[in-house]
Amino acid sequence: MKTSPLFSILLLIISLCFNLVVGQNKTDNFKPNIIIFYADDLGWQDTQLNNLDDPSPWETPNISKLAKNGLNFTNGYSPAPTCAPSRCSILTGLHPAKTGVTHVAGGSVPKAKYSNYIEPFFPTGLMPEHFTIAEALKENGYTTGHVGKWHAGSLKIQASTNQGFDFAFESRGAHQGPKKPANRLTEFATHDKKDSYRLSEEKYPPFTKESPNGISYPKDEVTEKALEFIEKSKDKPFFLYLAHWLVHAPIHTKNKELLKYYSDKLGVDFPTQDIPVTTGGQTNPFYGSMVTTLDWSLGRVVDLLKKTNDPRNPGKTLYETTYIFFSSDNGGCEKTGKEIITDNFPLDQGKKYAQEGGIRVPMVVVGPSIPKGKNFDGLVNQLDFFPTILNLTHSKIAENYSSNLDGLDITNVLIDGEQSIINKEGNTREDLWWHFPHNQDHQMQSAIRSGDFKLYKDLTTGEYELYRLYQNGKRADLEEKHNVAKQNPKVVKDLASKLEKYLKDYDAKYPYKSPSKTKDASEKQNIAAIPVIANTTFNDKTRKFSVTLESGKSEVIESYALIQIGDPVRVDKNGKNRKRSKHSTTYIKLPITKSKNNLEYSLTVPKEALEYGLIFIDAHRYMVKSEFHKNK
């Protein structure tokens, strides 16, 4: 039977429509794999991505290849200038001021450490009530794995496997430092079969005159476990959070040949004594070896993805169906002890600072439909990863979680090549902000970056500084040498207003004054008026702990309880209770009740509490602590 031309055209239209619908459904249902490859302390100038002025001597060919196959973010930022807050934020999509984790080693009773000010209380990591990207993807059919550094809480209830991860391997691998009496020159890896870090038979860059085919690398369990997870999980969509211990201290390498390569390249003698490297700039061959080892690890992961067929998508490799987010938790650590590690120049400062050197980090994203070899110069924060991954994976989560995320979905930049990041209201992103109320006085800062400008607030004095990093998009004072606040009063006013609103909306915590350390003579009257604890009581039946303050003192504007909790006590083989380690306990913050006259405060002490006490902040921001009591 012959068909008319009109009928044939109709059949063709129907066929095209059907194929279009099928294609859309296939795209909508496509579940790409996700890898977050997270370096530790890798600076913006430690790779070959964003070389300014003198090129970095550290060779990172795999990171460079990654950028050539994806999008390089030249203004990529971490959520914080230190490790734990950035990690908690990348996992939850919440700003450090919202998680409360604003520094490392939290969960302790506040005290003045490196300053005359007392840093605010902050938790040691995430608690089960936090909702992580691993939990989100697991709810949407993903197998989830964490390999490497966790640093988001050390209690059992805070473990990665209680935060949405199906698989976890958190040992240091080849980053494990030498234990005395050994040192970083006595434990190089060998080809001995009994060597835990046995050198590879395979050869990898760099290529030298002595090794024209490449050099061997020590076995690294972190890398191996990541590869193993990919191999075992490829039949389903997977999420791998590969949080490397590299390039954090201790600064060492087990790769003697790589150390020799960098010694030769830098024109320095191969070290014969384990003494600190104290030459300035980027001249530490141990650190160069670490950076290139991190790059090697990335290369191993990418190579596996490229050579492995995707069982869920015939005809494609895992590399073609995987998004890789590469970045670092904070800027480069320039010095530890007497040892000079690296140099973030032209960026100012480094780790533990809100200046550009502490928070500006390398950032690359590659994956399906992402344009190759492009740069994006707009402001991007790792907080953006969570909502973006949700979109890329077509994942749905509860509204109370999705509406609370602090980052923005940057899919339009990744996939559509747009030059602006748009918020939920349809407006272009204008700024990013940071809050770090810790360490020494000059480090206790909040900051906001908006366009060409960056404003800082000194959290001890309340004063502002303004720097113009760029002028009309071109480099101006990237070194942050010239405070231009006086010349730009309107910019200061506008940015200060924005920053203050963020701090208020997020209930950001400030450093407090210490009555014992304040030396300012003008504060004598305020010190004399600080709250005084008149008496404390504990009711055994009701478990109510009460504190009464003397009347006639300054007003209490903030009060809370700290209770210490811990993992269950372990019992040894003789039936005796083992002593809890410092990593198996932490303090958490609880609200307390107060009387109408603001003089009586009480807490019902949970039976699980190991210790408890109350904290008071007065109108002049002095902190007063009750005695802390062991729970009966």
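- In this structure, D220 contributes its side chain and G173 its backbone to no donor-acceptor pair below 3.5 Å.
- Outside the 6.0 Å centre-distance limit, the rings of F30 and H394 are not counted as a close aromatic pair.
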Fill in: Residue pair L414, Y323: steps toward the side chain to side chain contact (heavy atoms under 4.5 Å, CB included) verdict
CA-CA 11 Å; L414 292 176; Y323 288 99; 5.8 Å; no

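- Side chain to side chain, Q382 and Y38 meet the donor-acceptor criterion of an N or O pair below 3.5 Å.
- Residues T47 and L42 come closest through the heavy atom pair CG2-CD2, 3.7 Å.
- A donor-acceptor pair under 3.5 Å is absent between the side-chain atoms of S328 and the main chain of V361, judged by distance alone.
- Side-chain contact check for R449 and N381: no donor-acceptor pair (N or O, by modelled atom type) lies under 3.5 Å.
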Discussion item. Please evaluate residues E257 and S211 with respect to the criterion side chain to side chain donor-acceptor pair (under 3.5 Å), reporting the C-alpha separation (whole Å), side-chain torsions for both, the decisive distance (0.1 Å), and the verdict.
Written reply: CA-CA 9 Å; E257 197 166 4; S211 303; 2.4 Å; yes

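- In this pair, F131 and F386 present their aromatic rings tilted. The plane angle is within the 30 to 60° band.
- No more than 12 heavy atoms of other residues, nucleotides or ligands lie within 6.0 Å of OH in Y114, so this atom counts as exposed by the packing criterion.
- Applying the side-chain contact (heavy atoms from CB on, under 4.5 Å) test between V247 and each of I341, V291, D40 identifies V291 as the sole match.
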Discussion item. With side chain to side chain contact (heavy atoms under 4.5 Å, CB included) as the criterion, how do Q163 and L91 come out once you've worked through the C-alpha distance, each side chain's angles and the decisive distance to 0.1 Å?
Written reply: CA-CA 9 Å; Q163 301 281 10; L91 287 163; over 6 Å; no

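- In the displayed structure, K98 atom NZ is contacted under 6.0 Å by more than 12 heavy atoms of other residues, nucleotides or ligands.
- A side-chain donor-acceptor contact under 3.5 Å links K265 to the backbone of P57.
- Taking the charged nitrogens against the carboxylate oxygens, K180 and D274 have no contact shorter than 4.0 Å, which rules out a salt bridge.
- Taking NZ of K254 as the start and CG of L259 as the end, the distance is 13.0 Å to the nearest 0.5 Å.
- Of all heavy-atom pairs between K156 and D567, the closest is N-OD1, 2.9 Å.
- No side-chain N or O of T253 forms a donor-acceptor pair with one of N255 less than 3.5 Å apart.
- For the residue pair G288 and Y262, the shortest heavy atom distance occurs at O-CE1, 3.3 Å.
- When all heavy atoms are compared, the tightest approach of G358 to S78 is O-OG, 4.3 Å.
- Under a cut-off of 6.0 angstrom, the local environment of CG in D269 is sparse, with at most 12 non-hydrogen atoms contributed by other residues, nucleotides or ligands.
- Between T342 and D46, the side chains place a donor N or O and an acceptor N or O closer than 3.5 Å (distance only, hydrogens not considered).
- A side-chain donor from one of D195 and T190 sits under 3.5 Å from a side-chain acceptor of the other.
- Of the possible polar contacts, one joining the N330 side chain to the C83 backbone as a donor-acceptor pair under 3.5 Å is found.
- Using a distance-only test at 3.5 Å, with no hydrogens or angles considered, a donor-acceptor pair links the side chain of R184 to the main chain of I275.
- From L126, atom CG reaches atom OG of S160 across 11.0 Å, with rounding to the nearest 0.5 Å.
- In terms of heavy atoms, E334 sits closest to F345 at OE2-N, 4.5 Å.
- To the nearest 0.5 Å, the span separating CG on D166 from OG on S233 amounts to 8.0 Å.
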Discussion item. Pair I324, V302 - check side chain to side chain contact (heavy atoms under 4.5 Å, CB included), show working.
Written reply: CA-CA 9 Å; I324 303 174; V302 172; 4.1 Å; yes

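- Atom CG of N72 is separated from atom CZ of F326 by 10.0 Å, given to the nearest 0.5 angstrom.
- Side-chain atoms of H252 do not come within 3.5 Å of backbone N or O of Y287 as any donor-acceptor pair.
- Checking side-chain atoms of T321 against main-chain N and O of L318 turns up a donor-acceptor pair under 3.5 Å.
- Applying the 6.0 Å contact sphere to NZ of K203 captures more than 12 heavy atoms from other residues, nucleotides or ligands.
- Annotation: the span from L392 atom CG to N33 atom CG amounts to 12.0 Å, rounded to 0.5 Å.
- Of the possible polar contacts, one joining the S327 side chain to the P362 backbone as a donor-acceptor pair under 3.5 Å is found.
- Taking all atoms of both residues into account, the shortest heavy-atom contact from P346 to Q45 is CD-NE2, 3.5 Å.
- Looking at R300, R198, K219 one by one, the single match for salt bridge (charged side-chain N to carboxylate O under 4.0 Å, His left out) with E224 turns out to be R300.
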Practice prompt. For D377 and T74, run side chain to side chain donor-acceptor pair (under 3.5 Å): C-alpha distance rounded to whole Å, both residues' side-chain angles, the deciding distance at 0.1 Å, then the answer.
Written response: CA-CA 5 Å; D377 300 323; T74 60; 2.6 Å; yes

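- The backbone N or O of T82 sits nowhere less than 3.5 Å from a side-chain atom of K351 that would complete a donor-acceptor pair.
- With R360 as the partner, the side chain to side chain donor-acceptor pair (under 3.5 Å) test is satisfied by one option alone out of N75, N50, N344: N75.
- Ring geometry, Y241 versus F165: the interplanar angle falls under 30°, so the pair is classed parallel (tilted spans 30 to 60°).
- Using modelled atom types, no side-chain atom of T124 and backbone atom of G107 make a donor-acceptor pair closer than 3.5 Å.
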Item to complete: Begin with the C-alpha distance, continue with both residues' side-chain angles, and end with the deciding distance and a verdict on side chain to side chain contact (heavy atoms under 4.5 Å, CB included) for E339 and V277.
Response: CA-CA 5 Å; E339 181 146 33; V277 176; 3.4 Å; yes

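- Here the side chains of P32 and T393 are in contact, with some heavy-atom distance below 4.5 Å.
- The ring of Y142 has its center no closer than 6.0 angstrom to the ring center of F239.
- Screening V101, T99, L383 for a side-chain contact (heavy atoms from CB on, under 4.5 Å) involving L94 leaves a single residue, T99.
- Interatomic distance, I34 CD1 to F385 CZ, rounded to the nearest 0.5 Å: 11.0 Å.
- A cation-pi arrangement is absent between K260 and F270, since the terminal nitrogen or guanidinium carbon is not both under 6.0 Å from the aromatic centre and inside a 45° cone about the axis.
- Sorted by first and then second residue, the ring-ring contact (aromatic ring centres under 6.0 Å, His included) pairs with a member in residues 80-105 read H95-W433, H95-Y506, H103-F436, H103-H438; sequence neighbours excluded.
- Within 6.0 Å of NZ in K138 there are more than 12 heavy atoms belonging to other residues, nucleotides or ligands.
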Practice prompt. Could you please spell out the steps behind the side chain to side chain donor-acceptor pair (under 3.5 Å) verdict for E135 and Y401?
Written response: CA-CA 11 Å; E135 289 173 296; Y401 293 127; over 6 Å; no

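- Between T317 and L305 there is no side-chain heavy-atom pair separated by less than 4.5 Å.
- Ring geometry for Y217 against Y204 counts as perpendicular: the plane angle is over 60°, on a 0 to 90° scale with 30° as the lower cut.
- For residues 226-240, the pairs satisfying salt bridge (Lys or Arg N to Asp or Glu O under 4.0 Å) are K225-E228, E228-K232, E231-K234, with sequence neighbours left out.
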